[in-house]
2 protein chains.
Amino acid sequence: MGRIAKFGREDMARAALELAAERGPQAVTVAAIAAAIGAPTGSIYHRFDSREELLAEIWMDVVESFQRGFIERLATASDIDGAAAAACFMAEWVRGHLREARLLLLHHRRDFVSGKWPPSLVERAATLEPAMGAALGGFAKRAFGRADREIIARVRFALLDAPFGGIKPYVQENKAAPRELDAMVSATVRAVLGGIAR
Amino acid sequence: MGRIAKFGREDMARAALELAAERGPQAVTVAAIAAAIGAPTGSIYHRFDSREELLAEIWMDVVESFQRGFIERLATASDIDGAAAAACFMAEWVRGHLREARLLLLHHRRDFVSGKWPPSLVERAATLEPAMGAALGGFAKRAFGRADREIIARVRFALLDAPFGGIKPYVQENKAAPRELDAMVSATVRAVLGGIAR
DNA sequence: CTCGAATTAGAACATAAGTTCTAGAACCAT
DNA sequence: ATGGTTCTAGAACTTATGTTCTAATTCGAG
């Protein structure tokens with residue numbers, strides 16, 4: 001029933017992701033997306049209510065993709081070695097998802113979801129922070145027997161923030177993180193989490 | 001000769017910095033700057049050739065301000081302890097310059113200088129990377145007797161990238177970095193630079 | 001005091017980009 | 001075939017924003 005669609009949500013989202021990764025979120029105009037897939041601008045609005053919704057969706061997809069992998073890796077960790085492996089996950093993920101990494105590491109949520117969210121995304125977004133908090137807390141409990149604020153701060157620094165800082169310069173130059181970074185990240189994990197009593 | 005000016009470059013730059021820090025670069029419209037200081041929009045153009053030039057200038061001011069302090073601190077360092085002190089500089093700087101920090105740590109150069117630079121700024125910009133490279137290289141030479149690519153990578157990670165990663169989440173929430181971060185940053189420095197033979 | 005220059009003041013203009021609208025085409029069920 | 005539906009196609013509309021323009025104002029110099 002109805003004419004067959006030439007342009008789907010996926011095509012548009014993919015084009016938008018490429019534009020955002022290569023030239024930044026402000027380059028993701030409706031006209032640019034349309035041009036990238038050879039569609040008229042109006043067709044975008046047959047698939048998305050607004051540019052906002054499209055951008056929010058690609059952002060959420062990327063965040064979920066990373067977080068799912070990271071949490072999965074962390075779930076099997078219960079000691080410093082496991083933590084080091086989880087800390088290296090970001091660098092590995094970047095090697096396989098450079099475009100997505102450029103969204104996640106080089107920009108803000110605000111650049112993609114700057115106003116009213118589509119309700120479906122509100123739901124997805126609401127689970128993100130709790131899920132990450134639970135994953136970090138669970139690891140802390142397994143590895144150190146407790147998950148107080150100070151331990152969580154250390155774990156977050158060692159497993160997420162410091163690796164992010166190390167990786168960002170490479171992503172910015174459109175390169176994957178080099179292997180030698182893994183050694184530095186692991187050393188950081190051992191130094192920051194090593195002294196914690198069980 | 002001529003009417004006395006009510007609005008100077010400084011007023012405009014300060015207003016723009018505040019806007020950028022609080023609501024992001026895209027909120028720094030010419031109209032918003034003018035409104036913030038109670039000036040007509042046209043007056044902005046008596047002081048700056050374009051919005052571009054204004055944004056580029058505040059960006060460059062902030063980068064130079066940070067880099068000057070960091071390099072000064074690093075210049076007195078010649079061992080691991082000095083390195084740890086330099087690594088903590090960013091967190092200290094953020095405590096005293098939260099607005100500036102939000103520009104430097106939360107955004108890209110691209111958001112502020114997205115095209116043709118005013119010639120005066122090209123000159124200032126050209127010295128930034130060399131100066132930072134020289135500072136890091138100088139420290140490496142003093143502390144380890146050499147400054148090859150691998151050492152420099154470690155120093156940059158320990159003194160700049162990892163601290164940046166640790167600080168960013170706090171700046172994002174408009175908070176200064178807590179003291180406990182300094183301990184983690186120092187531990188990172190010792191772990192990453194500690195094993196290097198002299 | 002008058003003239004010229006720099007500035008305020010704010011309207012006017014130009015452009016870019018998101019969104020909506022109108023036509024027409026393609027498809028399916030009846 | 002026909003009608004309803006979903007899409008393409010792209011023009012038209014709207015709004016936001018950078019920039020320029022015109023007029024009035026205020027200052028110092030001669």
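Since we're looking at a predicted model, the values are computed, not measured. Within every chain, numbering begins at 1; the chains are lettered A, B, ... in the order of the sequence lines, protein sequences first and strands thereafter.
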**Report entry** Given DNA chain D, 5'-ward residue of the pair A/Pro40 and B/Tyr45, judged by closest heavy atom
**Finding:**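 The residue mapped nearer the 5' terminus is A/Pro40.
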**Report entry** 5′-ward residue of the pair B/Ile4/A/Gly38 relative to DNA chain D
**Finding:** A/Gly38
Query raised in the report: Does the pair B/Glu129/B/Arg156 count as a salt bridge with the N-to-O cut at 4.0 Å?
Result: yes
Query raised in the report: Counting side-chain heavy atoms from C-beta on, which of D/dA9, C/dA25, C/dG10 comes nearest to A/Arg3?
Result: C/dA25
Query raised in the report: If you check the B/Thr41 side chain, which of C/dT19, D/dT19, C/dA9 turns out closest?
Result: D/dT19
Query raised in the report: With no hydrogens and no angle check, is any side-chain donor or acceptor of B/Arg102 less than 3.5 Å from a backbone partner on B/Ala21?
Result: yes
Query raised in the report: Between A/His46 and A/Val30, who's closer to the 5' end of DNA chain C by nearest nucleotide?
Result: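 Closest to the 5' end, via its nearest nucleotide, is A/Val30.
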Query raised in the report: Toward the 5' end of DNA chain C, which comes first, A/Thr29 or B/Phe7, by nearest nucleotide?
Result: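 The answer here is B/Phe7.
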Report task. Assign the ring pair B/Phe112 / B/Trp59 to parallel, tilted or perpendicular, where the plane angle (0 to 90°) is split at 30° and 60°. Result ->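 Parallel, since the angle between the ring planes stays under 30°.
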Query raised in the report: Given D/dT8, is OP1 or OP2 found less than 4.0 Å from the side-chain N or O atoms of A/Ser43?
Result: yes
Requested in this report: Count the heavy atoms of every other residue, nucleotide or ligand shown that sit under 6.0 Å from CD of B/Gln172, and state whether that count exceeds 12.
Outcome: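 Count over threshold, so yes.
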Report task. Could you check how far CD1 of A/Ile44 sits from P of D/dA9, rounded to whole Å? Result ->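 It is 12 Å, rounded to the nearest whole Å.
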